[in-house]
Protein chains: 2
Amino acid sequence: MTNTAQQNELANAIRSLSMDAVEKANSGHPGLPMGCADIATVLFTKVMKFDPADSKWADRDRFILSAGHGSMLLYSSLYLLGYEDMTIEQIKNFRQLGSKTAGHPEFGHASGIETTTGPLGQGVANSVGFAVAEAKLAAEFGADIVDHHTWVLAGDGCLMEGISQEAISLAGHLKLNKLTVIWDNNSITIDGAVSNADSTDQIARFKAVGWNTIEIDGHDQDAIEKALLAAKASTDKPTLIAAKTTIGFGAPKKAGTEKVHGSPLGAEELAGAKAALGIDYPAFEIPAHILDTWRAAGRRSQNLRGEWESRLAASDKKAEFTRRMAGHLPSGFADAMAAYKQKLAADKPKVATRKSSQMALEVINKITPETLGGSADLTGSNLTNTPETLPFQADNRLGRYMMYGIREHEMAAAMNGVALHGGLIPYGGTFMVFTDYARPAIRLSALMEQRVIYVMTHDSIGLGEDGPTHQPVEHLSALRAIPNLLVFRPADAMETAECWELAMETADHPSILALSRQNLPALRTEYSAENKSAKGAYSLIGPDDADAVIFATGSEVAIAVDAQKELADKGISARVVSVPSMELFAKQSDAYKAEVIGKARARVAVEAGIEMSWNKLLGEKGRFVGLHSFGASGPIDALYAHFGITPKAVVEAVTAQL
Amino acid sequence: MTNTAQQNELANAIRSLSMDAVEKANSGHPGLPMGCADIATVLFTKVMKFDPADSKWADRDRFILSAGHGSMLLYSSLYLLGYEDMTIEQIKNFRQLGSKTAGHPEFGHASGIETTTGPLGQGVANSVGFAVAEAKLAAEFGADIVDHHTWVLAGDGCLMEGISQEAISLAGHLKLNKLTVIWDNNSITIDGAVSNADSTDQIARFKAVGWNTIEIDGHDQDAIEKALLAAKASTDKPTLIAAKTTIGFGAPKKAGTEKVHGSPLGAEELAGAKAALGIDYPAFEIPAHILDTWRAAGRRSQNLRGEWESRLAASDKKAEFTRRMAGHLPSGFADAMAAYKQKLAADKPKVATRKSSQMALEVINKITPETLGGSADLTGSNLTNTPETLPFQADNRLGRYMMYGIREHEMAAAMNGVALHGGLIPYGGTFMVFTDYARPAIRLSALMEQRVIYVMTHDSIGLGEDGPTHQPVEHLSALRAIPNLLVFRPADAMETAECWELAMETADHPSILALSRQNLPALRTEYSAENKSAKGAYSLIGPDDADAVIFATGSEVAIAVDAQKELADKGISARVVSVPSMELFAKQSDAYKAEVIGKARARVAVEAGIEMSWNKLLGEKGRFVGLHSFGASGPIDALYAHFGITPKAVVEAVTAQL
């Protein structure tokens with residue numbers, strides 16, 4: 001079975017632009033766009049629902065190029081479909097500084113890029129979040145308002161990454177029938193044949209986790225269309241389409257080899273490919289009749305969008321849906337938090353900050369229907385559940401709680417997908433040490449500036465007996481190192497409420513809440529209308545002109561406060577500064593920073609982690625009370641004493657400087 | 001089919017000690033030891049080859065408790081088998097500070113603990129490295145010297161983690177027939193039934209990646225023995241034994257529920273369990289006839305060990321095998337490196353440090369047969385191959401190169417297994433940004449103090465067009481944050497040789513080599529018998545009493561050197577300090593540190609990453625030239641100019657301070 005001339009012309013337009021752009025940039029990956037051009041042509045011109053005139057249409061289908069190195073496939077398609085910001089100049093500026101056409105698709109650079117991809121497996125993993133968000137919102141708002149599909153194009157690399165197993169096993173368990181993964185089965189990786197490193201029967205693997213599977217020739221456009229429509233019609237399972245393709249399809253010498261994966265073809269091979277494919281037009285100049293056909297296909301869902309707009313306009317859910325998709329918090333949010341903080345000031349609870357996080361969530365989840373909670377199988381430890389959080393399952397799409405299983409990486413990646421989809425605010429929990437497992441996806445939350453909230457409990461050696469494998473030591477510094485990420489470490493229930501409030505209100509940053517396992521005293525016992533944590537650091541107790549300043553976070557603020565009292569007994573005045581977020585403090589005015597840091601002769605920081613992120617505040621002479629090694633297994637009090645994180649150690653660090 | 005009274009007695013000894021230890025500690029996980037006691041009894045008393053009198057016997061079978069939270073299963077067994085350092089006092093001190101019986105098994109704490117586990121999936125992932133090492137050494141030294149099995153006990157959590165897919169797909173591809181994973185199929189996770197979060201058909205999943213599978217009742221000791229022997233007899237595939245068990249077997253009310261997973265039983269339930277199991281002896285007091293049977297079983301391979309010792313003594317490979325297993329480098333290593341460094345001084349190559357890493361490896365691999373190289377599918381980019389590195393495959397067990405596939409996390413975990421096994425020194429490559437994917441296993445390399453060498457190329461925005469998803473920015477700081485890890489960032493070919501030498505010579509630390517994609521000038525053009533990188537930082541050029549000191553690493557040292565010249569033109573003297581390893585510098589004497597840091601009025605650090613790890617050296621007044629955000633996609637020169645990492649910026653940072 002062969003394609004018609006027109007089918008080939010449409011696909012070759014993608015190939016031509018992609019080859020030319022990579023050649024001009026002298027950098028990039030022509031192999032995937034050439035190999036997957038037939039798939040993209042059918043998907044974009046016949047099957048997917050979207051409208052370039054309103055790229056943010058809430059009920060559009062989503063396309064995720066998990067194999068992000070094949071970015072020119074997406075950019076070429078967006079140009080051909082008529083997305084206005086994807087001009088031919090952008091195509092010509094592929095991989096140049098400041099262009100919308102970065103080496104890998106970057107969310108926010110151009111319309112039609114639904115997520116940042118490149119780190120392999122992340123798109124497959126995101127897509128589960130997109131599909132969860134669709135299913136949940138469809139259940140909430142009805143299929144009249146929400147009814148769309150998530151399409152993923154993934155390569156062998158995506159499927160070899162461990163995160164893909166977490167993703168597909170979760171998607172299969174949840175029976176996400178509106179999710180389709182198209183596998184670019186080209187049998188080639190960078191180092192050569194896939195068979196050098198892998199012998200997986202992918203069909204059997206996907207069946208084992210509850211997926212439909214369809215095998216096709218990825219260059220047969222009729223077969224592709226049939227497969228995509230079959231996938232779309234699935235009512236009970238996600239679908240894998242295994243599309244056998246030739247990487248670099250059309251390149252006379254390099255097609256089907258790793259040589260065409262990640263380098264320009266070179267002038268000779270490029271000319272040969274164009275000749276073989278019958279591309280007789282100049283570089284970057286798609287003939288009018290081909291472009292017109294693509295553009296018309298780009299417009300073909302405009303009627304559907306019009307009908308959808310009418311249905312939304314007529315719906316009594318319009319205001320709520322619009323608010324939710326815009327990411328605005330409900331109008332009563334601030335008042336509810338204020339009332340809760342007043343109650344905290346009265347109650348002064350002495351609880352672990354993981355518990356005060358749950359208390360804050362009880363307020364938040366009640367007034368904010370868009371939160372989608374979850375935990376990577378540590379609900380009773382993370383305390384991420386509230387009365388509202390019935391599980392989201394195949395038979396309960398209204399559920400507000402993801403039972404992610406022991407899949408920390410997928411949890412983070414799925415939360416990225418949920419946030420990118422819009423309409424929901426995801427939060428999820430695990431032990432803080434396991435941010436390591438989720439780190440590639442946390443980095444993408446930050447790079448994409450998404451409101452994803454990580455509830456990371458058991459945030460220090462304070463977790464005790466589980467020992468060094470479970471005790472975060474370097475993690476606070478390592479997380480603070482990630483640009484755009486807000487790392488909160490609240491000291492008591494009041495600060496926890498403030499930090500939750502900030503995490504919810506900050507739509508353009510992910511947040512990590514680092515929370516204690518152990519109980520902590522109430523230190524902030526007065527109600528403050530101002531969110532003191534919003535400035536990142538503030539003086540908690542002690543005079544402005546104290547002899548010493550003691551910085552601390554989280555569970556160690558109480559230690560600093562005890563040290564302050566011991567110092568006072570010795571006639572030394574000290575001021576304690578709580579630092580719930582270094583990132584927010586860094587954004588304050590120089591005047592405020594100078595005021596908080598002050599001019600005390602002695603400067604100490606105390607945190608049950610390593611020193612690195614404190615050196616900027618401490619300067620050369622300041623002293624750090626914390627850890628300089630991995631932790632150990634033992635009861636909490638023994639550990640704090642053993643590692644010398646005590647009021648006594650703080651007192652000594654102060655007096656040594658005076 | 002039921003067990004005999006004696007079979008039950010042996011298994012109940014594990015259950016009894018485990019329940020008692022968790023109860024006494026008031027902390028821990030009784031569910032797994034109770035559920036897997038029958039499996040452990042058969043494995044340790046009938047099937048596994050080992051000798052408590054020589055726990056480091058090179059040809060012993062290895063046991064890996066991937067479900068590390070069930071540590072009491074291992075500790076109880078080690079005590080019962082007669083490992084001398086696992087006394088009943090240690091069992092009574094479970095989870096206490098300073099005991100050998102930490103919350104999770106910690107490598108180095110007690111004989112018989114082959115690897116640190118706890119972070120789920122890591123044991124399954126390590127085990128592939130153990131099995132690879134066995135297969136390779138057997139091919140090198142013959143089955144007379146090396147012929148042992150790797151046994152893993154894994155839970156649902158291990159199998160849900162993505163890393164397990166990377167591990168099993170690699171093991172299946174490599175046909176590691178001497179690897180057996182016993183799955184504790186108890187259908188329970190912390191949050192309740194496995195079916196809340198997962199519907200995987202594990203048997204089908206393992207078959208899809210080329211494993212044998214056997215399903216048994218995990219409480220039927222005869223069936224267990226039959227399955228273990230069948231697994232041991234496999235000649236062409238690794239084996240999964242799916243053992244259906246009851247978590248907390250014997251506990252009258254909590255067995256089969258998540259309530260018995262991670263908390264003490266409580267006095268009443270404990271008494272009920274002992275009654276139900278027929279345990280009528282006091283806590284921690286195993287009756288003599290049971291202990292005698294266990295101890296006799298512990299000694300049953302002593303003859304095998306004796307025969308093995310005789311074979312080794314008679315072998316002409318004895319000296320080499322002994323050297324390799326002791327982890328000593330070959331006697332000619334230092335001379336070969338010295339000769340190579342003399343050649344570098346003569347040649348002054350201007351190459352990327354990834355290329356100079358390959359040049360160093362060409363020397364190292366030639367003289368050091370124990371290196372086992374590899375890459376996560378980026379061989380041509382990481383340049384981790386040399387003429388010696390034919391692939392290790394199912395049909396070439398002599399191969400010295402692991403084609404890890406797109407499995408960064410498994411690469412790191414497998415390298416841990418290879419290093420722990422002994423006899424080989426593993427190194428492996430990927431892009432430095434993907435240390436995030438491997439981070440949980442890198443942390444374990446550091447915690448276990450293993451000689452694992454990470455060859456991390458494309459170490460900054462210098463990689464150019466691939467853009468922010470591929471550009472490490474926070475990674476140098478985030479890696480330096482991990483205790484025990486040596487992070488090397490060499491500036492030219494000479495420093496690269498020195499850093500490789502240090503990584504090879506440091507048997508008790510993992511190393512990361514951060515290497516450039518781009519070419520760099522030769523800066524160290526004189527031969528030095530002393531390894532200057534060994535002190536972590538040293539003055540490269542400029543007078544001791546310079547007005548300014550400029551710290552730099554890797555590709556930015558050349559920028560610092562250019563800035564030094566520009567400053568000299570302006571009449572400002574500057575000294576450039578190369579800092580190939582902050583960790584090694586931190587270990588130097590105060591006098592040396594003071595000498596290197598000096599007393600210049602201006603202090604600048606330049607590194608194409610974030611500032612965090614530099615603040616300690618810079619103090620309050622020093623200036624940092626580097627990144628304060630994620631990178632961008634574009635050609636390298638455009639990026640360095642855009643982000644202001646230039647000689648001009650360094651000059652400005654110096655002059656602003658003078």
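First the proteins, then the strands, lettered A, B, ... as listed; each starts at 1.
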statement: Output for pair (B:M160 CE, B:L120 CG), nearest 0.5 Å, gives 9.5 Å
field: Engaged part of A:A441 at the chain B interface, taking heavy atoms whose separation is under 4.5 Å
entry: neither
Contact origin within A:H69 toward chain B - heavy atom pairs under 4.5 Å: neither
query: About how many Å separate CZ of A:F94 and CD of A:Q96, when rounded to the nearest 0.5 Å?
result: 9.5 Å
- prompt: For A:P391, is it the side chain, the backbone, both or neither that has a heavy atom under 4.5 Å from a heavy atom of chain B?
  reply: neither
- request: Please name all residues satisfying salt bridge (Lys or Arg N to Asp or Glu O under 4.0 Å) with B:E465, sequence neighbours left out, ordered by chain then number.
  value: none
message: Is A:S195 in contact with chain B via its backbone, its side chain, both, or neither, using a 4.5 Å heavy-atom distance?
response: backbone
- prompt: Between OG of B:S263 and CD of B:E258, what distance do you get to the nearest 0.5 Å?
  reply: 10.0 Å
- line: Applying a strict 4.5 Å limit to non-hydrogen atoms, the region of A:L378 in contact with chain B is both
Candidates B:H409, B:E161, B:R443 - the one meeting side-chain hydrogen bond (donor to acceptor under 3.5 Å, both in side chains) with B:Q122: B:H409
- request: Could you look at A:T116 and say if it's the side chain, the backbone, both or neither that has a heavy atom under 4.5 Å from chain B?
  value: side chain
message: At a heavy-atom distance under 4.5 Å, which candidate from A:T469, A:V209, A:D377 has the highest pair count against chain B?
response: A:D377
- prompt: Measuring heavy-atom distances to chain B, does A:V194 have an atom under 4.5 Å in its side chain, in its backbone, in both, or in neither?
  reply: neither
- request: Sort A:E611 into side chain, backbone, both or neither according to what part of it lies under 4.5 angstrom from a heavy atom of chain B.
  value: side chain
task: Below 4.5 Å from any heavy atom of chain B, which atoms of A:S27 appear? Answer side chain, backbone, both or neither.
output: side chain
- request: Without swapping roles, check the side chain of A:R480 against the backbone of A:M612 for a donor-acceptor pair under 3.5 Å.
  value: no
message: For the NE2 atom of A:H109 and the OG atom of A:S71, what is their distance to the nearest 0.5 Å?
response: 11.5 Å
field: B:F434 ring center within less than 6.0 Å of B:H470 ring center
entry: yes
field: Contact origin within A:T117 toward chain B - heavy atom pairs under 4.5 Å
entry: backbone
task: Could you look at A:L174 and say if it's the side chain, the backbone, both or neither that has a heavy atom under 4.5 Å from chain B?
output: neither
task: Answer with side chain, backbone, both or neither: which region of A:E106 has an atom nearer than 4.5 Å to a non-hydrogen atom of chain B?
output: side chain
